[in-house]
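Inspection log for the structure reproduced underneath, given as structure tokens.
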Amino acid sequence: MEATPSIISQRPCSLKMAGFPSKITQASNEIWNAGVNGATSAAMLDTGNFVLSSSKSGILWQTFHNPTDTILPGQTLNKGTSMYAKLTDDDYSPGRFKLKFQDDGNLALIPRAYPSAFEYDSYWFTQGSDSGSNKLVFNESTRSLYLSYPSGGVISVFSAPALGGGGAGGGYYLRATVDTDGVFRQYSFPKGSTNSDWTVTNQVAEDICTISFETFSGPCGFNSYCSNPDSQEKTHCLCPPNYSFINPNLKFKGCKPNFTPQPCEPNNKTQFHFATLNNVDWPLSDAEQYSPMTELQCINECLNDCFCLVAIYADDYNNGTCWKKKFPLSNGRMGSGVDRKAFVKYSVENPHKL
């Protein structure tokens with residue numbers, strides 16, 4: 001068997017099988033339980049399928065029938081199956097996005113609230129109409145991922161990647177993963193390599209920063225904004241100037257101001273200024289809109305409104321448009337296609353002590 005890229009635990013673990021529910025423990029703590037009894041052997045197959053078997057009953061449990069966030073070539077999923085993104089790169093508990101193989105036979109990417117796991121409307125889905133018991137197939141020969149119908153029809157999810165190494169990429173390992181930012185990506189890794197990284201070869205919901213989630217804060221949390229300058233990388237979450245992450249380890253929780261908010265009492269002496277961000281907008285946080293208006297008028301409108309957090313300005317050929325943004329800011333995005341200028345209001349007196 002060829003060497004494969006792997007994750008190795010830094011602490012010893014033990015797999016207990018015979019006579020007990022098959023489980024993995026670490027320092028006497030259970031970290032995984034297959035929920036089956038009577039397994040007498042365990043094996044990692046060349047396909048990447050980890051199986052628990054008994055000499056009498058054959059395979060009792062396998063990862064190919066119990067996916068987490070990833071599907072591999074040779075794996076087939078049935079209706080009702082879901083794959084969950086990790087919460088973070090280091091936290092493998094179910095996160096804020098899932099890929100669901102729905103009862104209607106379509107795939108859907110669905111955002112989830114954390115920690116309640118409440119599910120919102122899907123933001124990407126296939127549109128199959130063929131009836132029957134279809135399957136999601138990651139074809140080991142063609143290296144393509146598709147929905148297969150009994151009638152012979154297919155709906156492509158990922159076409160075969162353009163890779164060398166023989167056949168349809170036979171010199172590469174492949175996987176398709178629901179990533180922590182909500183993008184479903186197909187990756188490749190050259191076999192036998194010791195200094196390569198997984199490379200994105202296909203993806204759906206490619207620029208998730210541009211998707212508007214009506215009732216969800218977006219891939220990044222409230223008062224933050226999302227950037228994806230290179231579609232081959234995962235999404236970056238950023239705070240506006242003079243804001244900081246509520247939890248730097250859980251950036252999706254959003255950002256908080258590092259200053260005292262503007263009071264609404266008249267004659268307040270606190271001075272407020274504006275930090276400028278180019279190509280940034282929070283399109284679902286509008287409080288008011290004005291047009292035509294100059295950039296300076298737009299800034300002053302926000303300065304004189306204690307409820308205004310950000311002024312967004314678009315210079316449409318000397319016929320400018322101004323939007324005042326309200327709390328909390330949601331679905332923030334940065335990108336070359338965002339033809340806006342953001343003016344983020346902040347105070348320079350009585351800053352919060354962080």
- [ ] Evaluate side chain to side chain contact (heavy atoms under 4.5 Å, CB included) for Phe274 paired with Val344, printing each intermediate quantity in order.
- [x] CA-CA 5 Å; Phe274 290 87; Val344 182; 6.0 Å; no
TODO: For the residue pair Gln102 and Lys79, confirm or rule out a side-chain donor-acceptor distance under 3.5 Å.
DONE: no
Task: Donor on one side chain, acceptor on other, Arg333 and Thr235, under 3.5 Å - done: no
TODO: Find the distance between SG (Cys302) and CD (Glu288) and round it off to the nearest 0.5 Å.
DONE: 10.5 Å
Open item on the list: Working to the nearest 0.5 angstrom, can you tell me the gap between Ser122 OG and Leu109 CG?
Closed with: 8.5 Å
Task: Heavy atoms from other residues, nucleotides or ligands near CG of Asn278 exceed 12 (cutoff 6.0 Å) - done: yes
Open item on the list: Given 3.5 Å as the limit, does a donor-acceptor pair link the side chain of Gln75 with the main chain of Phe64, or not?
Closed with: yes
Open item on the list: Using only atom types and a distance under 3.5 Å, with no angle test, would you say the side chain of Tyr313 pairs donor to acceptor with the backbone of Met293?
Closed with: yes
Open item on the list: Under the criterion salt bridge (charged side-chain N to carboxylate O under 4.0 Å, His left out), I'd like the reasoning laid out for Asp89 against Lys234: C-alpha separation, chi angles, the key distance, then a yes or no.
Closed with: CA-CA 11 Å; Asp89 288 340; Lys234 290 183 182 178; 3.0 Å; yes
Open item on the list: A side-chain contact here means heavy atoms from C-beta on lying under 4.5 Å apart; do Val280 and Val338 qualify?
Closed with: no
Open item on the list: Does either side chain, that of Ser93 or that of Asp91, offer a donor lying less than 3.5 Å from an acceptor on the other one?
Closed with: yes
Task: Asp121 side, atom CG; Thr215 side, atom OG1 - distance, nearest 0.5 Å - done: 6.0 Å
- [ ] Quick one: do Thr180 and Phe97 satisfy side chain to side chain contact (heavy atoms under 4.5 Å, CB included)? Show the steps, please.
- [x] CA-CA 7 Å; Thr180 55; Phe97 301 94; over 6 Å; no
Task: N/O donor-acceptor pair under 3.5 Å between Gln262 side chain and Leu303 backbone - done: yes
Open item on the list: Looking at Cys209 and Cys226, are the sulfur gammas closer than 2.5 Å to each other?
Closed with: yes
Open item on the list: When you measure from the side chain of Lys251 to the backbone of Leu238, do you find a donor-acceptor pair of N or O atoms at a distance under 3.5 Å?
Closed with: no
- [ ] Taking the six-membered ring for Trp and the single ring otherwise, decide whether the centroids of Tyr146 and Phe158 are under 6.0 Å apart.
- [x] no
Task: Minimum side-chain heavy-atom gap Ser148-Asn134 below 4.5 Å - done: no
Open item on the list: Within the 4.5 Å heavy-atom criterion, are Ile299 and Glu301 side-chain neighbours or not?
Closed with: no
Task: Whether Arg143 side chain and Pro73 backbone form a donor-acceptor pair below 3.5 Å - done: no
- [ ] Would you sort out whether Lys325 and Asp286 count as a salt bridge (charged side-chain N to carboxylate O under 4.0 Å, His left out), showing the intermediate values?
- [x] CA-CA 5 Å; Lys325 301 294 178 173; Asp286 292 354; 2.2 Å; yes
- [ ] Please examine the side chains of Trp323 and Arg340, heavy atoms only from C-beta on, and report whether any two atoms are closer than 4.5 Å.
- [x] yes
Open item on the list: Using a 6.0 Å cut-off, check whether atom CG of Asp90 has over 12 heavy atoms from anything other than its own residue.
Closed with: no
Open item on the list: Are there over 12 heavy-atom neighbours, none belonging to Phe272, within less than 6.0 Å of that residue's CZ?
Closed with: yes
Task: Within the 6.0 Å centroid threshold, strictly below: Tyr123 and Phe213 - done: yes
Task: Separation of Glu119 CD from Arg96 CZ (nearest 0.5 Å) - done: 13.5 Å
Open item on the list: I'd like to know whether the aromatic ring centres of Phe189 and Tyr172 sit less than 6.0 Å apart in this structure.
Closed with: no
Task: Separation between OG of Ser156 and CG of Leu147, rounded to the nearest 0.5 Å - done: 9.0 Å
Task: Neighbour count >12 (heavy atoms, 6.0 Å) for atom CG, Asn66 - done: yes
Open item on the list: As a test of understanding, state which of Tyr114, Phe216, Phe222 forms a ring pair (Phe, Tyr, Trp, His ring centres under 6.0 Å) with Phe252.
Closed with: Tyr114
Task: Residue that, paired with Gln203, satisfies side-chain contact (heavy atoms from CB on, under 4.5 Å) out of Thr177, Ile208, Val183 - done: Val183
Open item on the list: When you compare the side chain of Tyr187 with that of Tyr173, does any pair of heavy atoms fall below 4.5 Å?
Closed with: no
Open item on the list: Is the shortest side-chain heavy-atom distance between Phe343 and Ile312 below 4.5 Å?
Closed with: no
Task: Test: Arg185 and Asp179 ion pair at under 4.0 Å - done: yes
Open item on the list: Please identify which of these residues, Lys324, Lys345, Lys326, meets the salt bridge (charged side-chain N to carboxylate O under 4.0 Å, His left out) condition with Asp305.
Closed with: Lys324
Task: Check: Asn319 side chain, Ser291 main-chain N or O, donor-acceptor pair, under 3.5 Å - done: no
- [ ] Could you note down all residue pairs passing disulfide bond (SG atoms under 2.5 Å apart) where residues 240-292 supplies at least one of them, sequence neighbours left out?
- [x] Cys239-Cys255, Cys264-Cys306
TODO: Determine, step by step, whether Leu284 and Ser330 satisfy the side chain to side chain contact (heavy atoms under 4.5 Å, CB included) criterion, reporting the C-alpha distance in whole Å, the side-chain angles of both residues, the deciding distance to 0.1 Å, and the verdict.
DONE: CA-CA 6 Å; Leu284 298 185; Ser330 69; 4.0 Å; yes
- [ ] Salt-bridge test for Asp315 and Lys341: reply yes if a basic N is under 4.0 Å from a carboxylate O, no otherwise.
- [x] no
Open item on the list: Given the ring of Tyr92, does Lys86 sit roughly above its face, with NZ or CZ under 6.0 Å from the centre of the six-membered ring and within 45° of the axis?
Closed with: yes
TODO: Look up atom OG1 in Thr201 and atom CD in Gln186, then write down how far apart they are to the nearest 0.5 Å.
DONE: 3.5 Å
Open item on the list: Do Phe138 and Val154 land in one hydrophobic cluster if side-chain heavy atoms of ILVMFWY residues count as linked below 4.5 Å?
Closed with: no
- [ ] Tell me whether Phe184 is reachable from Leu72 by hopping between hydrophobic residues (I, L, V, M, F, W, Y) whose side-chain heavy atoms are closer than 4.5 Å.
- [x] no
Task: Sole candidate of Asp69, Ile71, Thr68 that passes side-chain contact (heavy atoms from CB on, under 4.5 Å) when paired with Met83 - done: Ile71
Open item on the list: Just to verify, which of Val178, Leu99, Leu77, Leu136 counts as forming a side-chain contact (heavy atoms from CB on, under 4.5 Å) with Pro67?
Closed with: Leu77
Open item on the list: In terms of relative ring orientation, are Tyr346 and His273 parallel, tilted or perpendicular, with 30° and 60° separating the classes?
Closed with: tilted
Open item on the list: Donor-acceptor check, side chain of Thr81 to backbone of Asn78, threshold 3.5 angstrom: yes or no?
Closed with: yes
Open item on the list: Pairing donors with acceptors under 3.5 angstrom, does anything connect the side chains of Lys253 and Asn247?
Closed with: no
Task: For Phe118, all residues meeting ring-ring contact (aromatic ring centres under 6.0 Å, His included), sequence neighbours excluded - done: Tyr120
Task: Pair Leu250-Thr88, side chain to side chain contact (heavy atoms under 4.5 Å, CB included): steps then yes or no - done: CA-CA 7 Å; Leu250 300 174; Thr88 67; 3.5 Å; yes
Open item on the list: Tell me whether Thr126 contacts the main-chain N or O of Leu107 through its side chain, where contact means a donor paired with an acceptor under 3.5 Å.
Closed with: yes
Task: Any donor-acceptor N/O pair, Trp282 side chain to Ser224 backbone, under 3.5 Å - done: yes
- [ ] Answer yes or no: is there a donor N or O on one side and an acceptor on the other, between the side chain of Asn49 and the main chain of Thr63, under 3.5 Å?
- [x] yes
